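Below is one structure; the comments refer to it alone.
Hydrogens, waters and symmetry mates are skipped; everything else that's a heavy atom, side chains included, is used. Bear in mind that the values here come from a model prediction, so they are computed numbers and not experimental data. Here, residue 1 is the first one in the sequence, and each next residue gets the next number.
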Amino acid sequence: MSRSGMHSICKWRLPLLLALLAHVCSGFYLPGSYMHTYSTRDKIFAKVNSLTSIETELPFGYYSLPYCKPPEGVKKSAENLGELLMGDQIDNSPYRFQMNINETVYLCTTAPLKDHEVKLLKQRTRDLYQVNMILDNLPALRYAKQNNVNIQWTGFPVGYTPQGSSEDYIINHLKFRVLVHEYEGSGVEIIGTGEEGLGVISEADDKKKASGFEIVKFEVIPCSVKFDPDKMSKHKMYDRIDPVTCPAEYDKSQIIREQERVSFTYEVEFVKSDIRWPSRWDAYLQMEGAKVHWFSILNSLMVIFFLAGIVFVIFLRTVRRDLTRYEELDKEAQAQMNEELSGWKLVVGDVFREPECAKLLCVMIGDGVQITGMAVVTIVFAAFGFMSPASRGMLLTGMIILYLFLGIFAGYVGVRLWRTLKGTSEGWRSVSWSVACFFPGIVFIILTVLNFLLWGSSSTSAIPISLYFILFALWFCISVPLTLLGGFLGTRAEAIQYPVRTNQIPREIPARRYPSWLLVLGAGTLPFGTLFIELFFILSSIWLGRFYYVFGFLLIVLLLLIVVCAEVSVVLTYMHLCVEDWRWWWKAFYASGTVALYVFLYSINYLIFDLQSLSGPVSAMLYLGYSLIMATAIMLSTGTIGFLTSFYFVHYLFSSVKID
């Protein structure tokens, strides 16, 4: 083919590719679930998730209580890895709606309540357990007023206990309000329906109109109503009954008592709404104190950037001045200067001496690279909207998958650092295996201890044995081989050469007025200052059942944390070298890694002052165990950032000085 013909093809290929890409991109909607349209009288089934409580943080199955079961039997929905680890147990329910049909429906009447059922219902009521219902992938919303302030909750309580009363009442009548948006498409066809994944919308060839109704909000008003069980039990499931009024008097409410027969009913009202389907999650993602959140984060960013900038500018000027003075002298003057001056120039023969516990350092750096990579990629994807709250468990599932596949980088960095410290590749397999097992081993031990506590409580958040085998298989079949492959590549990579030789006899370190660990301990406060405000919102979303979806903020905070960790570690390393302390390796790691200590202490503070309602030793152990896993991951990540930055700084500093 002639050159002009090739040029003509290439000339048209790019516009054609761009047009095709634009068409494909316009066809995908990325909030995390399909747009499902319904026609009038289409049947819609609600689902139920685990019962949850901010009092205990121990989820339980919905059907652990004597609720009505669907006629076809209880069937579990398909759950991903993240949902299983979070304790979600999504089942089908008997609650059935018909699009645009307002009705009041009878479900069932229980057998006389037995002693153990009464005790369980009372316990779940006193522990403030919430029933979590889902319709078209939307959680049920409930509005309550406290101190003249409207509060939004997801789910509704199992029951309630009137103030000053010893009696408990069960919620047995639900008023549902389903907001729907009438969808009228012009030449648009919806391909596929479902609850999770990507919705694909394409232009129909025949330009036909696709119309229907989309569910954009799901509200519930819970009531306790005393029914006549003999009269109600004559009805069949889904029989229509007269409208029910929620009573204000307790004697007309359904008490929880032995031998009581409880009748369950519900009513549904469909209301047309202007809310469009892409905006239906806005009501759930509104965070309390939004202005405080914005201004606090902005203020934190400005202060930390200002302090870090001042420290870094002063530091650069000091180092530049030392290097300039040192390089302007001839060799004799440099030798005389080495004898007269003190500081980082005197440790030139010891600065690259092998640190204590070199293997452990390599292992922790390798795991830190893996955790940091997982965090950065996950938060970037979440910030761009690829991990929607509509896809339950996807965030945790994505983090686990990323961690498994990033094992290749962990093995590479750990073994290459090992080669640099030892000067040989001997023992790289042991280092690779240690990298693959260190952090997962810590997590496995903590989760196993917590799991025994959860098994004893019969909680749905207990990890089943089958999931243990799945996690073990994922680790052994994906993470370990990739880590070993990364270690092998690390042995083939060029070793990092030191710019100076190391003396055979270590230099004596001068005595100091105060221990160096005090400086290392204090260095962690600066990175913690960038993190603690966002940490409050993250802990609130995890333990108070709130949605966290400000990943843009979190991405900014993460980038800022990386910068501050690097600067703090470099400054502290320079300060130690200036006082002739050449043992900088571990101090560079912990200078930024000590932020994890403050994170764990803050978690304890949050437990004491913000989770005052948390009851029971099992709940406290669960909280502290997960906090310890989080703190360990933060220590490895931030310590790795600080160490690698300090290593390249020291390498650059001593390679800039002409020394025989």
Side-chain angles (χ1 to χ4, degrees), residues 304-329 334 337-338 340-356 361 365 417 420-421 496 498-500 502-503 506-530 560-595 638-659:
I304 296 302
F305 266 129
F306 180 72
L307 292 176
I310 291 178
V311 172
F312 206 58
V313 168
I314 294 174
F315 166 71
L316 281 177
R317 291 183 62 184
T318 304
V319 174
R320 185 176 297 176
R321 183 186 62 207
D322 286 350
L323 286 175
T324 302
R325 287 180 56 194
Y326 198 85
E327 291 178 353
E328 286 178 351
L329 302 175
Q334 285 181 13
M337 184 178 180
N338 283 339
E340 295 177 354
L341 296 180
S342 62
W344 59 270
K345 297 171 286 295
L346 295 181
V347 296
V348 64
D350 299 274
V351 69
F352 291 108
R353 189 176 301 280
E354 181 183 329
E356 297 178 354
L361 180 63
I365 295 301
L417 180 60
T420 301
L421 296 178
I496 301 174
Y498 294 144
V500 293
T502 301
N503 298 333
R507 181 184 180 87
E508 184 179 354
I509 299 174
R512 304 184 64 175
R513 296 181 181 177
Y514 53 88
S516 59
W517 62 265
L518 280 178
L519 196 60
V520 173
L521 198 62
T525 56
L526 195 58
F528 179 71
T530 70
L560 182 60
L561 181 66
I562 291 173
V563 172
V564 174
C565 284
E567 292 178 346
V568 166
S569 185
V570 166
V571 170
L572 200 73
T573 300
Y574 179 71
M575 292 174 66
H576 280 99
L577 294 179
C578 284
V579 294
E580 303 175 35
D581 186 354
W582 44 267
R583 295 175 302 185
W584 59 272
W585 304 83
W586 282 106
K587 292 168 185 174
F589 181 88
Y590 284 115
S592 53
T594 48
V595 66
T638 54
T640 296
I641 293 167
F643 173 82
L644 293 178
T645 310
S646 294
F647 179 81
Y648 283 107
F649 161 73
V650 172
H651 191 279
Y652 170 78
L653 181 63
F654 284 90
S655 63
S656 302
V657 179
K658 300 175 183 177
I659 299 176

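- Nearest heavy atoms, Val568 versus Pro527: CG2-CD, 4.3 Å.
- For Arg353, the side chain to side chain donor-acceptor pair (under 3.5 Å) criterion is met by Asp350, not counting sequence neighbours.
- Applying the side chain to side chain contact (heavy atoms under 4.5 Å, CB included) rule to Val563 yields the partners Glu567; only residues at least two apart in sequence or on another chain are considered.
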Exercise. Determine, stepwise, if the pair Glu354 / Leu361 fulfils side chain to side chain contact (heavy atoms under 4.5 Å, CB included).
Key: CA-CA 11 Å; Glu354 181 183 329; Leu361 180 63; over 6 Å; no
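- Not counting sequence neighbours, the partners of Ser646 by the side chain to side chain donor-acceptor pair (under 3.5 Å) test are Ser569, Thr573.
- Side chains of Ser592 and Ile641 form no contact here, defined as non-hydrogen atoms less than 4.5 Å apart.
- The side chain to side chain contact (heavy atoms under 4.5 Å, CB included) test applied to Leu421 returns Pro355, Ala358, Cys362, Leu417, Tyr498, Trp585, not counting sequence neighbours.
- Under the rule for a ring-ring contact (aromatic ring centres under 6.0 Å, His included), Tyr648 has no partner lying at least two apart in sequence or in another chain.
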Exercise. Show your reasoning for whether side chain to side chain contact (heavy atoms under 4.5 Å, CB included) applies to Phe647 and Trp584.
Key: CA-CA 9 Å; Phe647 179 81; Trp584 59 272; 3.8 Å; yes
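- Nearest heavy-atom pair, Leu572 versus Ala591, reported as atom, atom and distance to 0.1 Å: CD2-CB, 3.2 Å.
- Considering OG1 of Thr594 and CH2 of Trp517, their distance stands at 12.0 Å, rounded to 0.5 Å.
- Closest of all the heavy-atom pairs between Ile365 and Phe589 is CD1-CD1, 3.7 Å.
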Exercise. Check the pair Leu577 / Val650 against side chain to side chain contact (heavy atoms under 4.5 Å, CB included), numbers first and verdict last.
Key: CA-CA 9 Å; Leu577 294 179; Val650 172; 4.2 Å; yes
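- Minimum interatomic distance between Thr645 and Ala566 (heavy atoms only, all atoms of both residues): OG1-CB, 3.5 Å.
- One finds the NZ atom of Lys587 at 9.5 Å from the CG atom of Leu519 (value rounded to the nearest 0.5 Å).
- Considering OG1 of Thr638 and CZ of Phe528, their distance stands at 12.5 Å, rounded to 0.5 Å.
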